Novice: 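Handing you this structure, nothing more for now.
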Amino acid sequence: MLGCRLSRHAGFRTAHSLPSRARLSAHPSRIISPAQRRIVSNLPSSRTTIPGTAPDFKTFFTTSPLTLTHLRQLSTTTPKNAAKPTPKALRYAYRFAAWFGSSVLFVSLGVIGFFVYDATTYVDHASNKSDLSISQLALNPRRGGPKNLPILEVFIDDEDDEERKRQKDKPRLVILGGGWGGVALLKELNPENWHVTVVSPTNYFLFTPMLPSATVGTLGLRSLVEPIRRIIHGVRGRFLRAKAEDVDFSARLVEVSQLDCHGVEQRFYVPYDKLVIAVGSVTNPHGVKGLEHCHFLKDIRDAREIRNSIIHNLELACLPTTTDEDRKRLLSFVVSGGGPTGVEFAAELYDLLNEDLIQLFPRLLRNEISVHLIQSRDHILNTYDETLSKYAEERFARDQVEVLTNSRVSEVKEDSIVFTQKQKDGTVVTKELPMGFCLWSTGVSQADLCKTLSAKLGNAQNNRHALETDTHLRLNGTPLGDVYAIGDCATVQNNVADHIISFLRSIAWKHGVTDPEKLSLHFSDWRNVAEQVKKRFPQAVGHLKRLDKLFEEYDRDQSGTLDFGELRELLKTIDSKLTSLPATAQRAHQQGSYLAHKFNKLARAAPGLRANEISDGDVDAAVYKAFEYKHLGSLAYIGNSAVFDFGNDRGRFAGGLWAVYAWRSIYFAQSVSFRTRVLMAMDWGKRALFGRDLMSY
């Protein structure tokens with residue numbers, strides 16, 4: 001009963017759970033204070049304990065007259081030396097001081113570590129010169145080929161180390177171009193299997209999606225380029241800064257040219273076992289006169305010239321000797337082409353004028369500036385979903401960027417641009433717009449090398465805008481498995497109907513029919529043909545989902561079979577639905593990765609092919625699948641906002657600054673190296689802190 005009464009008082013244990021007096025005395029610091037110990041020791045006890053033994057508290061409480069007053073004294077007595085509770089604000093101050101001190105220590109260690117690493121990168125003594133073994137063929141190449149030019153069979157660094165000595169006897173892989181396709185191939189190629197040589201007139205890789213940002217100083221020029229030799233070093237390849245002029249397919253020789261130290265053009269041959277053409281494209285002039293008065297945006301040099309021209313016009317507009325008419329003309333910026341490049345440049349230009357110009361230049365300039373975007377179609381960004389195109393147009397209208405749709409440029413003059421515009425009633429009106437700057441961004445056309453090769457291959461090449469390849473990316477008209485073409489310079493030929501005989505040959509043999517054109521296909525046969533089509537033309541898979549409906553639709557005579565004519569009509573319908581692949585960095589990157597995986601697999605399969613004496617035939621198709629393009633989406637920046645089009649299945653959306661950060665994050669992740677990612681992040685930070693770079697040089 002006493003234990004039950006004690007449990008009602010807060011802070012006390014029941015009599016059965018309290019420790020003995022001896023145990024309380026033995027551990028006073030852990031359980032009770034000295035004052036509480038004195039109270040317990042003065043309690044009267046009617047029970048005598050045996051010396052050396054500890055009285056148990058159960059007996060103590062049942063035999064001692066413990067009063068409620070004693071219990072209150074025991075519970076409320078506070079030790080004199082007990083620490084007072086620390087205020088909450090002081091605890092937070094201690095935690096912040098600890099966190100701040102740890103952060104300072106961490107940053108200090110990082111800075112010290114950086115300087116220690118930086119000190120190791122300097123070399124304060126000359127490297128030792130040593131005797132080198134260089135082949136005479138490297139210094140004095142033998143001549144040969146159709147034009148009796150020097151043939152680069154041995155490089156001057158073939159004997160530099162053991163790895164290069166092993167590589168010089170590997171199959172020769174020559175890559176023409178250092179763009180998206182070539183770099184993607186280099187990054188995923190197994191260096192143990194190939195002797196790699198890259199031929200390019202520029203010695204850097206350019207990150208083209210962010211090129212419009214470099215034209216107005218949002219990003220620095222060096223943030224978008226990566227030395228090509230640094231990339232090639234990963235596969236221990238060789239680099240030749242030269243321009244490819246022609247290819248001799250029978251002798252497997254690439255003719256290249258370059259100016260020597262005296263300014264004289266020198267030409268020589270580069271031999272190959274496999275050749276990859278990835279030379280890109282040039283801007284399509286569309287037969288318009290006066291394009292010498294326009295700027296183009298294909299290279300880093302173009303971005304520098306554009307920025308210098310913009311700043312130059314702004315500075316001229318500030319001079320007191322500039323008339324009002326000239327000032328309006330100088331501040332009239334025209335963009336011809338409503339694709340992603342033209343739209344993003346117009347958006348970046350608007351950001352420059354709206355965010356930096358108004359702070360650093362007279363306000364009169366902001367009132368006089370005008371930006372015009374000329375587009376030949378009904379909407380800008382016509383390859384995107386129509387809702388995104390309209391969103392971009394509404395955004396530009398709000399930002400006072402004039403969008404001129406259904407307009408075609410007929411001539412570009414030194415101080416104006418002439419174009420025709422189709423009105424709503426169908427009439428065509430000719431207009432002339434004064435301009436001080438014009439960017440021409442209206443599609444792509446073939447480079448000089450592609451035109452030369454297309455003419456040489458004759459009827460095998462029927463496309464006027466790009467080199468035609470099969471679905472394994474092999475150049476049509478060349479020896480099978482020797483030459484490939486990827487990126488903007490090439491297009492995959494979708495000619496399903498032209499292969500109808502090859503599709504039917506095995507089925508005809510199975511049915512004992514000698515002439516495939518006389519074969520009638522049952523549904524099971526049609527299903528086999530469809531599987532062959534899917535394997536050879538992966539892009540046709542989406543159009544062959546309901547085989548039963550297609551069979552029923554093209555069985556015109558309701559005979560339950562497809563004859564040769566009905567099958568040809570069906571395949572031609574599929575051909576008409578297949579579109580050309582977009583000329584984008586995304587497509588070139590996927591093709592480069594595809595070739596890298598194919599070449600790696602061909603190298604692994606080479607010993608088995610040689611053992612079985614297999615050197616002819618369609619080895620590519622036997623070893624690896626056909627190329628299939630997977631569209632991952634399209635992005636576009638439209639001035640402090642962005643649009644995303646991921647296709648019908650994955651949706652599309654647009655937004656403000658959050659979309660801009662998402663747009664930046666995607667391209668930041670796709671950047672070619674850690675170095676360029678760091679530089680891009682620093683440039684975005686500098687823009688926020690100090691504004692854009694408005695210097696011209």
Side-chain angles (χ1 to χ4, degrees), residues 212 215-218 288-297 302-303 305-338 341-376 380 393-421 423 429-442 638-640 691-692 694-696:
T215 60
V216 296
T218 304
V288 177
K289 297 185 297 182
L291 291 188
E292 63 272 11
H293 305 302
C294 297
H295 292 272
F296 304 96
L297 191 54
D302 298 333
E305 292 175 1
I306 289 173
R307 183 166 65 178
N308 290 343
S309 180
I310 293 173
I311 302 302
H312 181 66
N313 283 14
L314 295 176
E315 296 293 353
L316 288 179
C318 294
L319 297 179
T321 55
T322 303
T323 63
D324 290 341
E325 182 180 354
D326 287 339
R327 183 179 296 109
K328 290 181 180 179
R329 180 184 60 82
L330 288 171
L331 299 179
S332 174
F333 298 91
V334 178
V335 180
S336 180
T341 301
V343 167
E344 290 186 346
F345 172 76
E348 292 281 0
L349 181 61
Y350 167 79
D351 290 344
L352 168 69
L353 304 178
N354 193 56
E355 297 173 2
D356 296 83
L357 175 70
I358 197 171
Q359 298 181 8
L360 303 176
F361 285 84
R363 290 185 177 271
L364 176 63
L365 269 63
R366 184 65 188 92
N367 294 337
E368 299 287 351
I369 281 176
S370 60
V371 181
H372 314 273
L373 183 62
I374 299 177
Q375 166 69 336
S376 61
I380 60 176
E393 291 172 1
E394 293 172 358
R395 186 83 183 189
F396 278 160
R398 191 201 68 177
D399 296 338
Q400 298 179 350
V401 175
E402 185 181 17
V403 178
L404 302 168
T405 56
N406 296 315
S407 303
R408 291 185 177 274
V409 177
S410 55
E411 183 181 359
V412 180
K413 300 180 181 180
E414 185 177 1
D415 56 358
S416 65
I417 185 168
V418 182
F419 64 96
T420 59
Q421 187 175 36
Q423 305 298 309
V429 179
T430 301
K431 299 182 179 180
E432 186 170 356
L433 183 66
M435 61 92 180
F437 172 92
C438 179
L439 174 70
W440 188 265
S441 175
T442 57
I638 55 175
N640 293 334
R692 291 172 175 82
L694 298 180
M695 295 182 296
S696 59

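Predicted, not measured: the structure shown is a model, and the values here were computed from it.
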Novice: Whether the side chain of E393 engages the backbone of I380 through a donor-acceptor N/O pair (distance < 3.5 Å, no angle test) should be reported.
Specialist: yes
Novice: Hey, could you give me the CG/CG distance between L331 and D326, rounded to the nearest 0.5 Å?
Specialist: 10.5 Å
Novice: Output, in order, the C-alpha distance, side-chain angles, deciding distance and verdict of salt bridge (charged side-chain N to carboxylate O under 4.0 Å, His left out) for D356 and R692.
Specialist: CA-CA 7 Å; D356 296 83; R692 291 172 175 82; 2.6 Å; yes
Novice: With no hydrogens and no angle check, is any side-chain donor or acceptor of R329 less than 3.5 Å from a backbone partner on P434?
Specialist: no
Novice: E348 and T215: side-chain donor and acceptor closer than 3.5 Å?
Specialist: no
Novice: Return the minimal non-hydrogen interatomic distance between E305 and H295, and the atom names on each side.
Specialist: O-CE1, 4.1 Å
Novice: I'd like to check N640 versus R395 (side-chain heavy atoms, cut-off strictly below 4.5 Å). Are they in contact?
Specialist: yes
Novice: Tell me if the CD atom of Q423 is crowded by more than 12 foreign heavy atoms within 6.0 Å.
Specialist: yes
Novice: More than 12 foreign heavy atoms under 6.0 Å from CD of Q400: is that the case here?
Specialist: no
Novice: Which atom pair, heavy atoms only, marks the closest approach of L433 to F419?
Specialist: CB-CE2, 4.1 Å
Novice: Evaluate the side-chain contact (heavy atoms from CB on, under 4.5 Å) criterion for residues I310 and L349: first the C-alpha distance (whole Å), next the side-chain angles of each, then the deciding distance (0.1 Å), finally the verdict.
Specialist: CA-CA 9 Å; I310 293 173; L349 181 61; 3.9 Å; yes
Novice: Is the F333 ring parallel, tilted or perpendicular to the F437 ring (thresholds 30°, 60°)?
Specialist: tilted
Novice: For the side chain of S407 and the backbone of T405, is there at least one donor-acceptor N/O pair under 3.5 Å apart?
Specialist: yes
Novice: Looking only at heavy atoms, which two atoms of V288 and V409 are closest? And how far apart?
Specialist: CG2-O, 3.6 Å
Novice: About how many Å separate CG of L353 and CG of L314, when rounded to the nearest 0.5 Å?
Specialist: 7.0 Å
Novice: Do the side chains of L694 and F361 get nearer than 4.5 Å, heavy atoms only?
Specialist: yes
Novice: With the side chain counted from C-beta on, respond yes when D351 and T218 share a heavy-atom pair under 4.5 Å apart, and no when they do not.
Specialist: no
Novice: Counting only heavy atoms not in E414 (residues, nucleotides, ligands), do more than 12 fall under 6.0 Å from its CD?
Specialist: no
Novice: At their closest point, which heavy atom of G436 faces which heavy atom of N313, and how far apart are they?
Specialist: O-ND2, 3.0 Å
Novice: Is there a donor-acceptor contact under 3.5 Å from the side chain of S410 to the main chain of V418?
Specialist: yes
Novice: In Å, rounded to the nearest 0.5 Å, how long is the span from CG of D415 to CE of M435?
Specialist: 7.0 Å
Novice: Calculate, to the nearest 0.5 Å, the distance between atoms CD and OG1 belonging to E411 and T430 respectively.
Specialist: 11.5 Å
Novice: Rounded at 0.5 Å granularity, tell me how far CE in M695 sits from CG in N308.
Specialist: 10.5 Å
Novice: Work out which heavy atom in E355 is nearest to a heavy atom in Q359; give both atom names and the distance.
Specialist: O-NE2, 3.4 Å
Novice: At their closest point, which heavy atom of A317 faces which heavy atom of L330, and how far apart are they?
Specialist: N-CD1, 4.2 Å
Novice: Within a strict 4.5 Å, meaning less than it, do heavy atoms of the T341 and F345 side chains meet?
Specialist: no
Novice: Would you mind reporting whether D324 and R327 have side-chain heavy atoms less than 4.5 Å apart?
Specialist: yes
Novice: Only distances under 3.5 Å count here; give the side-chain donor-acceptor pairs of residues 362-376 to other protein atoms, sequence neighbours excluded, each with its distance to 0.1 Å.
Specialist:
| from | atom 1 | to | atom 2 | distance (Å) |
| --- | --- | --- | --- | --- |
| S370 | OG | H372 | NE2 | 3.0 |
| H372 | ND1 | E402 | OE1 | 2.6 |
| Q375 | OE1 | G338 | N | 3.0 |
| Q375 | NE2 | H379 | O | 3.0 |
| Q375 | NE2 | N382 | OD1 | 3.3 |

Novice: Would you say the side chain of H293 lies within less than 4.5 Å of the side chain of I417, judging by non-hydrogen atoms?
Specialist: no
Novice: Answer yes or no: is there a side-chain heavy-atom contact under 4.5 Å between S336 and T442?
Specialist: yes
